[in-house]
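Below is one structure, written out as structure tokens, with a few remarks after it.
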Amino acid sequence: MKSLSGLYTLRVFEDRDPYRVLIRTILSQRTRDENTDQASANLFAKYKNIEEVANAPIEDLEVLVRVAGFYRVKARRIKEVSNLILDQYGGVVPDNMKELLELPGVGRKTANCVLVYAFQEPAIPVDTHVHRISNLWGIVNTKTPEETEEELVKIVPKDFWIDLNDLMVQFGQTVCKPTYPQCEQCPIVELCDYDSS
DNA sequence: AAAACGGGGGC
DNA sequence: GCCCCAGTTTT
């Protein structure tokens, strides 16, 4: 763990095993940290590796990841993605965008998270927080997360890519929230036109 | 472009 | 009790 500007502590994954990072990231889709952590802990307490998950009954997976929400979809995709990685890649998670995007349940955001957290490769995972705040601050003027990623990659120095998502998401969850924003806690409230928008 | 998936927490 | 939320896939 390291801190930036003393404002937020980077939530660097302790477990950078690519398979676990991938599964954890799928579980985190549209889901808060606490529930993601719980579901991930449940899953890997019972199943130790990709082979065990691939062979697990879907009903058992559903129970274990239920707390993460969207649990039927996630359980099915976790089983599918595990089988596919075993069949096509010998159980090794791909380390490139093209092959990651071909995996079930993996879109641009999840693929970028795997590149950043499992392979320490510079990338910018753009979720709703990054998209919203980047536009709110006028860093970009975009309609879709994909456009936001394209623009941020052009504008933001590469040294910041890996940490950008983590810091913006924490800021977005605690201060610059999509509803009930805590503007009195915001360090740049005077530079922001949130109230007038 | 819009719908569907979902439990947990804030209000 | 109602409403919102660290996306991706399908229609």
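Convention: sequence-line order gives letters A, B, ...; per-chain numbering from 1.
The backbone N or O of A:Gly105 sits less than 3.5 Å from a side-chain atom of A:Gln29, completing a donor-acceptor pair. The main-chain N or O of A:Lys79 is found under 3.5 Å from a side-chain atom of A:Asn83 such that the two form a donor-acceptor pair. Judged purely by atom type and a 3.5 angstrom limit, A:Asn42 uses its side chain to pair as donor or acceptor with the backbone of A:Leu64.
For the pair A:Glu80 CD and B:dC5 C1', the interatomic distance rounds to 14 Å; values are reported in whole Å. Atom NZ of A:Lys74 is separated from atom C1' of C:dC5 by 11 Å (rounded to the nearest Å). Atom C1' of nucleotide C:dG7 and atom CZ of A:Arg24 are separated by 15 Å, given to the nearest angstrom. The CD-C1' distance, from A:Gln170 to C:dC5, rounds to 17 Å in whole Å. The CZ-C1' distance, from A:Phe70 to B:dG6, rounds to 6 Å in whole Å. Here the C1' atom of nucleotide C:dG7 and the CG atom of A:Asn165 are 13 Å apart, to the nearest Å. Taking atom CD1 of A:Ile58 as the reference point, atom P of B:dC5 lies 16 Å away to the nearest angstrom.
B:dG6 and C:dG1 have their P atoms separated by 24 Å, with the value rounded to a whole Å.
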Extract from the structure each pairing of a protein N or O with an N or O of nucleotides 8-10 of chain C at less than 3.5 Å, listing the distance.
{"unit_1": "C:dT8", "atom_1": "OP1", "unit_2": "A:Gly107", "atom_2": "N", "d": "3.0"}
{"unit_1": "C:dT8", "atom_1": "OP1", "unit_2": "A:Gly107", "atom_2": "O", "d": "3.4"}
{"unit_1": "C:dT8", "atom_1": "OP1", "unit_2": "A:Thr110", "atom_2": "N", "d": "2.9"}
{"unit_1": "C:dT8", "atom_1": "OP1", "unit_2": "A:Thr110", "atom_2": "OG1", "d": "2.7"}
{"unit_1": "C:dT9", "atom_1": "OP1", "unit_2": "A:Gly105", "atom_2": "N", "d": "2.8"}
{"unit_1": "C:dT9", "atom_1": "OP1", "unit_2": "A:Val106", "atom_2": "N", "d": "3.4"}
{"unit_1": "C:dT9", "atom_1": "O4'", "unit_2": "A:Arg77", "atom_2": "NH2", "d": "3.2"}

When you compare the protein's N or O atoms with those of nucleotides 9-11 of chain B, which come within less than 3.5 Å of each other, and at what distance?
none

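Between A:Arg108 and A:Glu149, at least one side-chain nitrogen of the basic residue sits less than 4.0 Å from a carboxylate oxygen of the acidic one, meeting the salt-bridge criterion. The existence of a salt bridge linking A:Glu151 and A:Lys154 is confirmed by a sub-4.0 Å separation between a basic side-chain nitrogen and an acidic carboxylate oxygen.
Residues A:Val93 and A:Ile50 share a single hydrophobic cluster, defined by chaining ILVMFWY side chains whose heavy atoms lie under 4.5 Å apart.
Within the 4.0 angstrom heavy-atom criterion, no nucleotide atom of any strand lies near A:Thr36. Across all strands shown, A:Pro125 has no heavy atoms under 4.0 Å from either base or sugar-phosphate atoms.
A cation-pi geometry, defined here as NZ or CZ lying under 6.0 Å from the six-membered ring centre and within 45° of its normal, holds between A:Arg20 and A:Phe44.
Residues of residues 59-67 of chain A that place a heavy atom closer than 4.0 Å to DNA chain B, in numerical order, are A:Arg66, A:Val67.
Atom CD1 of A:Ile78 is separated from atom CG of A:Leu61 by 7.0 Å, given to the nearest 0.5 angstrom.
The phosphate of B:dG6 (OP1 or OP2) has no side-chain N or O of A:Tyr71 nearer than 4.0 angstrom. The phosphate of C:dG7 (OP1 or OP2) has a side-chain N or O of A:Thr128 nearer than 4.0 angstrom.
Tested against A:Tyr19, the residues A:Asn49, A:Val114, A:Val53 include a single side chain to side chain contact (heavy atoms under 4.5 Å, CB included) partner, A:Val53.
Donor-acceptor pairing under 3.5 Å is recorded for the side chains of A:Glu99 and A:Asn96. Inspection of the A:Lys143 and A:Thr148 side chains reveals no N or O donor paired with an N or O acceptor under 3.5 Å.
Put simply, the side chain of A:Arg24 does not reach to within 4.5 Å of the side chain of A:Cys113, judged on heavy atoms.
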